[in-house]
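Worksheet: one structure, shown below.
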Amino acid sequence: MHRSPLIATSSLALALASATAHAAEVPVADVDALLAAIAAAQPGDTIVLAAGDYEVHQGKIACETAGTADAPIVVRAAQQGAAKLRLDSLEGFHVRAPYWRFEGLDIEGICAADSDCEHAFHITGAASNTHIVGNRLHGFNAMIKGNGEPIGPNMAYEHPDDVVVEYNEFFNEAPRDTSNPVTPIDVVGGQRWILRGNFIHDHAKGGGDNVSYAAFLKGHAKDGVIERNLVVCELLHSGQVRLGLSLGGGGSGPDMICEDGACKPEHERGVVRNNLILNCSDVGIYVNAGADSKILNNTLYNTAGIDMRFAETTGVVHNNLLMGKIRDRDGAVTDKQNNVVEATLEQFAAWFADPAAQDFTLVDGAAFVDLGLAVPEVTDDYCGNDRNDGAPDIGAIEYDGEGCNGGLPVPGGSGGDTTTTGDTTGEPTSGDSGEPTSGDSGEPTSGGSDGPTTTDPGGTDGETSLGESTGNTTQSATDGSSATAGDTSPATDDDGGCGCRSDATAGGPLALLALIALRRRRRQS
């Protein structure tokens, strides 16, 4: 029977009106009410947690009702950071349906054994368009785990796409006593994930191979963006092997768990830009089998530099400001331009007010201000300020008078982002998806900036690299030392930096940074 357009339109309007009519704000003040509200959630519901402690003792919190683009299901704190969830289970929120949003929560794992607290959020299968914003996550091995589920035709793995993780804080108060993978944001497969403006610090694996990353996108993920994050590998504690941000991580397998049923390349068309990365015992950025990767305008302080590794790795490394080298390893071929590499602690101290305390206020920018290459993928900086003066700076911050000086990332600027983070402050799969741990299988870590590589974070064979030559040359910086600018050789070496807010609430992330900076200055005086 033919159905008239008018009747079809009316039916659609009626359905939309029904969904809108159901949409409700659901206040909760205890665990039972929270669990009941999530189980009964419908598109458009906003579940609002009153301030207080919520100690949850169950295997997972299932989020299986689909929201919609116009009516997502929202779980948020009434007051930023004041709803404190304490979990003693393998994972917390298990999101298997699209359009869920979580914001302003403080979620802590309180398991007696570190191996028993894996994920605060497990985002899997059909959970596309999940949004994790402004939360404080600690006490887990992989606070956010993204991976596929065998729910497609012939049990093919389907992965969540278009997930946004922004303006959260991730940390652990001590190294995790586990041999399981430890990576605060651990994503296997999926397309167009965005990791933006997060504060990631003190991720450390105290067992097994002792190798951890701040965040990675791997498993043949595609079109991921990692931007404007502050990564401080060592802030509250030190030791172990700590890497910063990665496309590819330590590799994935078997092929069936990866996007398109094949794990190589580990990532395609990834962009890592405008990040500040500090105090990593290994490299600050690591690309493992990343095809068409773009590593742009990052600032790396006190790390071993940038490693581009394996024959699948191609792309560009431009406008980065860093200590350490940029290295093409094991068949990788990348184009490197307008990077400042192998800078020293003394140079950074001369360029910026107090980089060790995340204060990148400019003192002397002759080596990198206005010396960058214009690239279409970088239109703003670490703070979201426009790079529109016609002469881009090298590094994560554009010093054009708009007040970006490092510190905690906050929303705003030309990026148009939305929510601020709360108070301060992996890689096993927990497994309903049937995914095996996707593995730090032979991580490449490069150790010190000039020394031998320790536990090699990127391969599958666990080999160590013994400080191979990069093939780059250095030129004198304005103070006569050996920072390199404008290298165009196809070999190795480069990096960049920035900052934002000074009005954090008492006890927030900036208060922590300020306290640590004060202690550091007292020790130095």
Test item: [X] and [Y] side chains (from C-beta on) under 4.5 Å apart, heavy atoms:
{"X": "Val165", "Y": "Phe170", "answer": "yes"}
{"X": "Ile306", "Y": "Ile295", "answer": "yes"}
{"X": "Asp370", "Y": "Asp389", "answer": "yes"}
{"X": "Glu149", "Y": "Thr124", "answer": "yes"}
{"X": "Val333", "Y": "Met308", "answer": "no"}
{"X": "Val188", "Y": "Leu217", "answer": "no"}
{"X": "Phe360", "Y": "Trp351", "answer": "no"}
{"X": "Tyr286", "Y": "Tyr213", "answer": "yes"}

Could you tell me whether the side chains of [X] and [Y] share a donor-acceptor contact shorter than 3.5 Å?
{"X": "Ser128", "Y": "Asp161", "result": "no"}
{"X": "Asn339", "Y": "Gln337", "result": "no"}
{"X": "Glu266", "Y": "Ser252", "result": "yes"}
{"X": "Asp202", "Y": "Asn172", "result": "no"}
{"X": "Glu103", "Y": "Asn135", "result": "no"}
{"X": "Asp328", "Y": "Thr334", "result": "yes"}
{"X": "His220", "Y": "Asp255", "result": "no"}
{"X": "Glu166", "Y": "His131", "result": "yes"}
{"X": "Asn274", "Y": "Asn297", "result": "no"}
{"X": "Asp380", "Y": "Asn385", "result": "no"}
{"X": "Arg273", "Y": "Tyr382", "result": "no"}

Check: Between Asp292 and Lys294, is a salt bridge (Lys or Arg N to Asp or Glu O under 4.0 Å) present by the stated rule, with each step listed?
Finding: CA-CA 7 Å; Asp292 193 17; Lys294 293 180 172 62; 3.2 Å; yes
Exercise for the section: Would you mind checking if Lys264 and Glu312 are paired as a salt bridge, meaning a charged N to carboxylate O distance below 4.0 Å? Expected result: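 No, Glu312 and Lys264 are not salt-bridged.
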| said: Salt bridge or not between Asp330 and Arg309? Use side-chain N to carboxylate O under 4.0 Å. | reply: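 Salt bridge: yes.
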Distance check, rounded to the nearest 0.5 Å: Asn405 atom CG versus Leu362 atom CG?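 Rounded to the nearest 0.5 Å, the CG-CG separation comes to 8.5 Å.
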Reference residue Tyr301; test side chain to side chain contact (heavy atoms under 4.5 Å, CB included); the match among Ile277, Val232, Leu345 |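 Result for side chain to side chain contact (heavy atoms under 4.5 Å, CB included) with Tyr301: Leu345.
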Open item on the list: Would His122 and Asn147 count as a side chain to side chain donor-acceptor pair (under 3.5 Å) here? Give the steps.
Closed with: CA-CA 8 Å; His122 186 185; Asn147 61 8; 2.9 Å; yes
* Asked: Given the side-chain rings of Phe352 and Phe368, with only the six-membered ring counted for Trp, is the space between their centroids under 6.0 Å?
  ->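 Yes: the rings meet the under 6.0 Å criterion.
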inquiry  = Before we go on, tell me: are the rings of Phe102 and Phe121 under 6.0 Å apart, centre to centre?
reply    =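 Yes, the ring centres sit under 6.0 Å apart.
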Checklist line | Worked check of side-chain contact (heavy atoms from CB on, under 4.5 Å) between Thr303 and Asp282 | finding: CA-CA 6 Å; Thr303 85; Asp282 205 276; over 6 Å; no
Problem set entry | Derivation of the side-chain contact (heavy atoms from CB on, under 4.5 Å) call for Arg192 and Asn129 | CA-CA 10 Å; Arg192 298 175 300 278; Asn129 295 285; over 6 Å; no
- Task: Please report the C-alpha distance between Asp381 and Arg387 in whole Å, then the side-chain angles of each, then the deciding distance to 0.1 Å, and finally whether the salt bridge (Lys or Arg N to Asp or Glu O under 4.0 Å) criterion is met.
- Result: CA-CA 7 Å; Asp381 73 352; Arg387 295 183 186 259; 5.4 Å; no
| said: For a quick test of reading the model, state the closest non-hydrogen atom pair linking Leu230 to Gly407 and the distance between them. | reply: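 The answer is CD2-O, 3.6 Å.
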Working for side chain to side chain donor-acceptor pair (under 3.5 Å), residues Asn229 and Asn198 = CA-CA 5 Å; Asn229 300 283; Asn198 299 288; 3.1 Å; yes
